[in-house]
Amino acid sequence: MLSKIPKSITKHSKGEFEWLLGNTVDFASSFHQLLASGAPSLYTNDYQAQVENREQLFQGSILTPLEWYLFGEDPNAFMEKLRKSEAPPLCGKVFRGGETTYSCRDCAIDPTCVLCMDCFQNSVHKNHRYKMHSSMGGGFCDCGDTEAWKSGPYCKIHEPGASDQDTGFRLHEELLSQTRKVFPVVIQYVVDMLIWEEQKSLPAYLNAGPEKPDRYYCVLYSDEHHSNDHFIYSLQRSLGCDMKEAQAITNATEREGRTTVKEGTLEECQEIAEKLKTYSENVSLRPLRVEVLNVLVMAHQASACSLGIWLNKLLAYSSFRKVLHDLIFSSFFMEMEYKKQFAVEFVKCYKKVQKEYMDDERDRNISVTAISVQVFTVPTLARLLIEEQSVIRVITETLLEVLPEYLDPENKFNFQGYSQDRFCRVYAIIFDLKYILISKPSSWTEKLKEKFIEGFNSLLRVLSCMQGMEAISRMIGQHVEMDSDWEAAIAMQMQLKNVLMLIQEWCASNEDVLLKTYKDCHHGVLQCIKLVTAQQKTLVEMCGHSYQSYPFKVSRDPVSIHLPLSRMLAGLHSQLCKTGLITKLPELLSPNDFQVELLIESPLRCLVLAGQVAAEMWKRNGLTIISQVFYYQDVKCREEMYDKDIVMLQDQTRQWNALIEEMLHVLICVIGERYMPGVSHVTKEECMMREIIHLLCIEPMAHSAIAKALPETENTDICLDTLINKVATFKKPGVSGHGVYELKDEYLNQFNVFFYHYTKTQRSKAEHTQKKRRKQENSSEALPPPPPPEFTPAFQNVRNLLRCDVMMYLLRTILQRAAKEDAVMWTEGMIQMTLHIIALGLMEEKHQLQKAAEEEVTFDFYHKASRIGSSDVNACSLVTTLEKLKSVPQLEAQKDMVSWVWQLLESVKRLREKSGQMAIAVSSSDVVVGGAKIALGPKRGPSVPEKEVLTCILCQEEQEVRLDRSTMVLTACVQKSTTLSQSRGNALIHSGETFNPLFTSPELTCETHSGSCGHVMHVTCWQKFFEAMQVNTRQRLHVDLIYDLGNGEYLCPLCKCHCNSVIPIIPVVAEQVSSADAESLAEILSLSRWLDVVGTRISGYNLKVLKGEKSSSPEFLKSEDGHSHEFRSILSFGVQSPIKYSASTKEMLVHFANTVYCTGLNVSPNESDPRLPVMTWNTCAYTIQSIESLLREEDRPLFGSLQNRQHAGLKALVKFAEAQRVTFPQATIQSHLVQLLAVFFPNIKLEGTPSLLSVDVFHLLVGSVLAFPSLYCEEGVQLHPSSVISSYNHLYLFRLLTMAHILQIIFSSATDNVPCTMPSDCEEAHSAAAVCLDLALLIDG
């Protein structure tokens, strides 16, 4: 054999090689001596410089002698022969992270069965339905594994006998003998060194080499905790290197897993290690992992990695970072017998391996735990491990043992302050549970039943720890300070979803197992229900029925949405119905032991919680509960949360209305949602098809959008493509975009507007789409419910909910409220849902009448709907009330649905009358016709303000707007505007200090506009927000802001609109004018008499006009109507106390008025300037004019087309302008009022009064109306006109200013042209006469 030694081997290696070949007895000791002497020679004084040459040196000194010893010939020649030999039956290619894999949706046993690209391209599966994945790393190609594929297990490359280059080369016995001698020694060495923990010494068998040198390396390891910036910072501070060198070391650490940063003595390396740890702790809570290793330890660890790569190359693989994985894949997993032995040992060590992985910092794809997918997904291995190793119990116990710190004293999980990294590692255990259950057994042995039930009970212990976990109570009074950690619990539910579904399928595949697991789960649910023994049941009575209920309030007591144990029981109950074993339930559990009222208690609480959250009753709890309820009904969780709660149940004014809507929706779901195998006679395919139909009812969708919105189908036999093609037609893409599927016409009648998987947004969009389609087809816009499938016998009693007395009372009450047109106590959504429930009841009765003889039909919905149900003289039956809805104008959008329900009711009535069993006369109702509404004057209707509840955008707390509550404000932006300017080229120039804004020119050259984005805040919240903005700005002086905080500018916290003030929100006070008082006052207070009373009141006032502060008194001219009147003071016609405002409200009134004053006049703040109230009146008038002008341009009505933000802003501005008067001296307000009245009052003359033609009349009207109450104020006494006298004041001011405006129009329209015809016959005369007639009708008493 010596003659075969190649001359290319160095002299040193040649001697070692001869010595190795000569020792045929003890290969291990010879090999260890070779390593002990050869490995250290790979490292010189400059370690980093030798990294690139290390592989070549190792090949020459270690591998080449080893290969010659193993093969007995030239290694290159042997490998070439091996390559050309017969292809191996298994591919076994190890996937790297990000590598593309392929799974056949037709042939794969489960979704984990995948192919590499080469095998896929050369297999039959490329012509099937397949799915591409991006590998996470750690798995291998399943080509050649007959247990992984239903058909086509081999590709053309690995098919037995497929190689056409078979040279007949086979491994001879001598080589196999050498392999058995070499491989165990090499693998043992590799394993020893990869897990070696001693930093300064080696295993005893490697101490035969040279003496241990006093040379060490400071080694830096990569981890998942620190970022690259952390590494670079720590290296620069510790080594004193520059950025480039630190970056290079960081990259090497990331690439290789570790790298050397210092070579020297032990003390030098330890000093650097301590520095790295210290500096890294400055930027992170955890220090970098740094070790000081002897040069020999480094050398042998590098040798072990190189030997691992060499072993992989022998078996056609190449890797570095996943050496251990690849060794296992390339050895044990290629033979089933070895794979079984490995699987058994893996399960025995499972708990230890998982616990170590929990404390590790490495990714899962380079952890030994990632091997589980290759072990647990093999059907024969999975069954073996369940029977022999109780693997289900082992996995579930491991899950509990790795999370002990999250169990509270009541043995419930509480994940507050959880570690996300640690939780991601917990998911690996849940994945393993899914893998082991992924292949359902076709036959059961007694041992398999025993071990599965054992594992099931172990899983129940996990679910019992989750049942009711993280219960939360509704916050009352104050907002929660910080959102709690809710993500972990929801994520755990999401990960367990597939596991729970697979468990239920396993249970359903065997009768004995299903009955036993149902009983055990039922016992577990009852054990978890907490009942306060001190509290007794309370009696609830309604409609002659009574029920004893436990005293629990969702809005008060702690409640949780996490009920996996109850939902597991609901799933098993469905399986009992589906398999027909429900008939054996009485034998399994007696009715007394079943305790249905306890079983539905927790799911009912959860559904009530979802309803209250939708009604915005839990806003003070922050995003925690809102997010949980969102996922509760989301596609990712709903199958094992919301849907199962529905199955289990089948066995203040605005908030109240929202709660009623949610309750009605739950009733619709309980009664009408029957598409679940076991609940009704439907298949999984029909259920999935219904999901697709309702998605396409929203809008046409692409395939990817449909698949994303549906639950996962990978673990089922459902073919999604087949179902989509059955119900939809593919519409090819146009020039741009993508192809979409449109629902076929024959499936449109299956649309259910209250489909329980719709979100509110989806429901609204689907309803709009379907109504729009029906309108285009000129058909009825009614959206009736589709006929539901029949319940299975076990669930048939659910339909009796429709005909129970309580349901009838509920439906009748809601419709009666709507018939009274009291919009406060009902909503359109409530009526729509009520009609939907009535339709379900009538359809159920009609179906039974058509199917069987009437005497056999006990479902009497129509009979109960026709009864009055009350002894009240005003009581009506449901049928009578339904007819009244036809005349309710607010239900115009539902008129088609009302008509459809009425037709259905008539149809059922005819079916009943056909057999002569009953005939019910339905009474008609009178149509109430309302009169016209009057908005001005003594005949105006009462002002009944609606209860206004607003939500602060900062603290999310709701509050009713009332004078005795905290002040709320509206964001506002005050700015100069020329929108309505009639002379843009001639801008008015004036000095802000001397300009008098009391009289506004009709040209509206440049006025002050106040707008709002409509967002509301508490005044205290806004003040804190603004102060925080100022503090932040001072701390960030270098930041250029787009707004000026010094001038009060800021961005709206919600929509980021530019604002510079806030408007206080003043509530509307209820007012009603007594008709008797108005009539009596009309007899003595005509327009002329009113003018005299007002003139008398203001006569003798000494007014200080702004210009020059010159005093002047108005001259009063008594009317000349020829009648004498008894003089009466203006106060004698009725006064009342003014509204009292809180200090914070008054402060905000002054604040906003100052903003308007400063912006409009371009002056500094001055709360005592007499022009301040005038500016508030002017901005109110101008803002109204601007909105009116905009609506008029768009040809829209004034009050019916305001946007929400416009309506809110205008309402707040008007109420502000009215209230602002109380913050200013009334004498000043009176002075302004007299000057305004002097312009258009015929009996008042005042020096310096401008011409009527030079004043904008609308500004006059607004200022006069808002300032007029000041006439009622006496010195030291604040009074306010009563409602009745105020109505006359407003009416007469409006009449006078309307006539003034007409005069303005006439005078400004006058021409010098003299008409050629007689004045009485000209067209202008007729037009003027018509205008005067219309005007007389408008303003006459």
Side-chain angles (χ1 to χ4, degrees), residues 105-106 111 128-129 131 497-498 501 504-505 508 571 574-575 577-579 633-640 642-644 646-647 650 668-731 739-759 762-763 765-767 769-770 773 783-792 795 836 840 843 847:
R105 302 172 73 176
D106 295 326
H128 298 173
R129 295 183 309 117
K131 190 172 182 179
K497 183 187 76 168
N498 288 329
M501 294 175 65
Q504 293 165 28
E505 291 179 3
S574 298
Q575 296 293 351
C577 300
K578 182 180 178 181
T579 57
Q633 297 175 323
D634 186 64
V635 65
K636 296 179 181 179
C637 301
R638 69 187 182 206
E639 283 185 291
E640 286 302 318
Y642 177 61
D643 292 6
K644 290 298 189 295
I646 293 294
V647 172
Q650 288 174 324
I668 290 173
C669 294
V670 172
I671 297 166
E673 290 300 339
R674 310 176 186 180
Y675 277 85
M676 183 173 292
V679 176
S680 64
H681 301 288
V682 294
T683 63
K684 289 184 178 180
E685 286 75 10
E686 290 174 322
C687 297
M688 187 62 69
M689 190 164 67
R690 184 168 179 257
E691 297 276 352
I692 299 170
I693 289 172
H694 281 84
L695 285 174
L696 295 179
C697 282
I698 302 174
E699 61 182 353
M701 292 185 176
H703 187 287
S704 58
I706 296 174
K708 185 178 180 181
L710 292 174
E712 294 180 5
T713 59
E714 290 184 345
N715 298 325
T716 66
D717 295 329
I718 296 176
C719 179
L720 185 60
D721 293 345
T722 302
L723 296 181
I724 293 176
N725 291 326
K726 183 176 180 179
V727 302
T729 304
F730 183 71
K731 185 177 181 181
V740 294
Y741 285 92
E742 290 184 345
L743 188 65
K744 295 179 180 178
D745 292 343
E746 57 264 34
Y747 292 99
L748 289 169
N749 60 356
Q750 296 189 26
F751 171 67
N752 181 0
V753 68
F754 294 109
F755 178 56
Y756 73 143
H757 286 164
Y758 274 157
T759 63
Q762 289 176 326
R763 183 194 308 166
K765 193 172 182 180
E767 181 180 2
T769 301
Q770 296 307 310
R773 176 187 60 80
L783 298 174
E790 287 190 54
F791 280 120
T792 56
F795 288 89
H836 193 94
L840 286 174
M843 290 168 68
H847 174 73

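For clarity, every value in this text was computed on a predicted model and none was experimentally measured.
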Within-4.5 Å side-chain heavy-atom neighbours: His847 and Pro787: no

Are any of the side-chain heavy atoms of Thr729 and Tyr741 separated by less than 4.5 Å? no

Could you pull out all residues at least two apart from Lys578 that satisfy salt bridge (charged side-chain N to carboxylate O under 4.0 Å, His left out)? none

Within the 4.5 Å heavy-atom criterion, are Phe730 and Asn725 side-chain neighbours or not? no

Could you state the interatomic distance from CG (Leu743) to CD (Gln770), rounded to the nearest 0.5 Å? 7.5 Å

Heavy-atom donor-acceptor pair, Thr792 side chain to Cys577 backbone, under 3.5 Å: no

Tell me, yes or no, whether the heavy-atom count around Lys731 atom NZ, taken from other residues, nucleotides or ligands under 6.0 Å, exceeds 12. no

Tyr758 versus Val753, closest heavy-atom pair with distance: CD1-O, 4.0 Å

With side chains defined as the heavy atoms from C-beta onward, is the minimum distance between Arg690 and Asn752 less than 4.5 Å? yes

Contacts of Asp106 meeting salt bridge (charged side-chain N to carboxylate O under 4.0 Å, His left out) (sequence neighbours excluded), chain-then-number -> Arg129

Nearest-0.5 Å distance that lies between atom CD in Glu673 and atom OG in Ser680: 10.0 Å

Note, Pro789 side chain near His681 side chain (heavy atom, < 4.5 Å): no

Less than 4.5 Å apart, any side-chain heavy atom of Pro786 and any of Asn749? no

Donor-acceptor list for residues 695-710 side chains, cut-off 3.5 Å, not counting sequence neighbours:
unit_1: Glu699; atom_1: OE1; unit_2: Lys765; atom_2: NZ; d: 3.2
unit_1: His703; atom_1: NE2; unit_2: Asp721; atom_2: OD1; d: 2.6

Check this for me: does any side-chain nitrogen of one of Arg638 and Glu691 sit under 4.0 Å from a carboxylate oxygen of the other? yes

Are side-chain heavy atoms of His836 and Leu783 found at a separation under 4.5 Å? no

Roughly how far, to the nearest 0.5 Å, is CZ of Arg763 from CZ of Phe755? 11.5 Å

Does the pair Glu742/Arg773 count as a salt bridge with the N-to-O cut at 4.0 Å? no

Check whether any side-chain heavy atom of His757 lies under 4.5 Å from a side-chain heavy atom of Val635, and answer yes or no. no

